[in-house]
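Keep in mind the model is a prediction, meaning the values are calculated, not measured.
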Amino acid sequence: MQIDLNGTPFTVGASSLADALTELGYSGHALATALNGKFVPAAARPVTALRDGDRVEVLAPMQGG
């Protein structure tokens, strides 16, 4: 299915947000995620289903000042 990840289209085979993050190389990182503009806590990612055309936002914390 096609999703929009941070404004860029990607094709993923995953059906959940957690699986899509793993597929896209985000596993093991501290992240904040949103699906179609709504925050998704880490505990909910495995049960958050993705649909074709969903907008996924992934934010990673940065160090520095």
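- Residues Ile3 and Arg55 fail the side-chain proximity criterion, which asks for heavy atoms closer than 4.5 Å.
- With a 4.5 Å cut-off on side-chain heavy atoms, Glu57 and Thr33 do not count as touching.
- Two residues are said to be in side-chain contact when any heavy atoms from C-beta on lie closer than 4.5 Å; Val56 and Asn6 fail this criterion.
- Contact of the Leu31 side chain with the Arg45 side chain is registered, since non-hydrogen atoms from C-beta on lie closer than 4.5 Å.
- Taking all atoms of both residues into account, the shortest heavy-atom contact from Ser16 to Pro46 is CB-O, 3.5 Å.
- Here OH of Tyr26 is found 11.5 Å from CG of Leu17. Values are rounded to the nearest 0.5 Å.
- The heavy-atom pair separating Ala34 from Gly37 by the smallest distance is CB-C, 4.5 Å.
- A donor-acceptor pair is defined here as one N or O able to donate and one able to accept, closer than 3.5 Å; no such pair exists between the side chain of Asn36 and the backbone of Asp54.
- Of the possible polar contacts, one joining the Thr22 side chain to the Ala18 backbone as a donor-acceptor pair under 3.5 Å is found.
- Residues Leu24 and Met1 share a hydrophobic cluster, clusters being chains of Ile/Leu/Val/Met/Phe/Trp/Tyr side chains in contact below 4.5 Å.
- Note on Val58 and Phe10: same hydrophobic cluster, where clusters join Ile, Leu, Val, Met, Phe, Trp and Tyr whose side-chain heavy atoms are under 4.5 Å apart, directly or indirectly.
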Go through Leu50 and Leu35 one step at a time and tell me if the side chain to side chain contact (heavy atoms under 4.5 Å, CB included) criterion holds. CA-CA 9 Å; Leu50 290 179; Leu35 179 63; 3.8 Å; yes
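- Between Gln2 and Thr11 the shortest heavy-atom distance is OE1-OG1, 3.1 Å.
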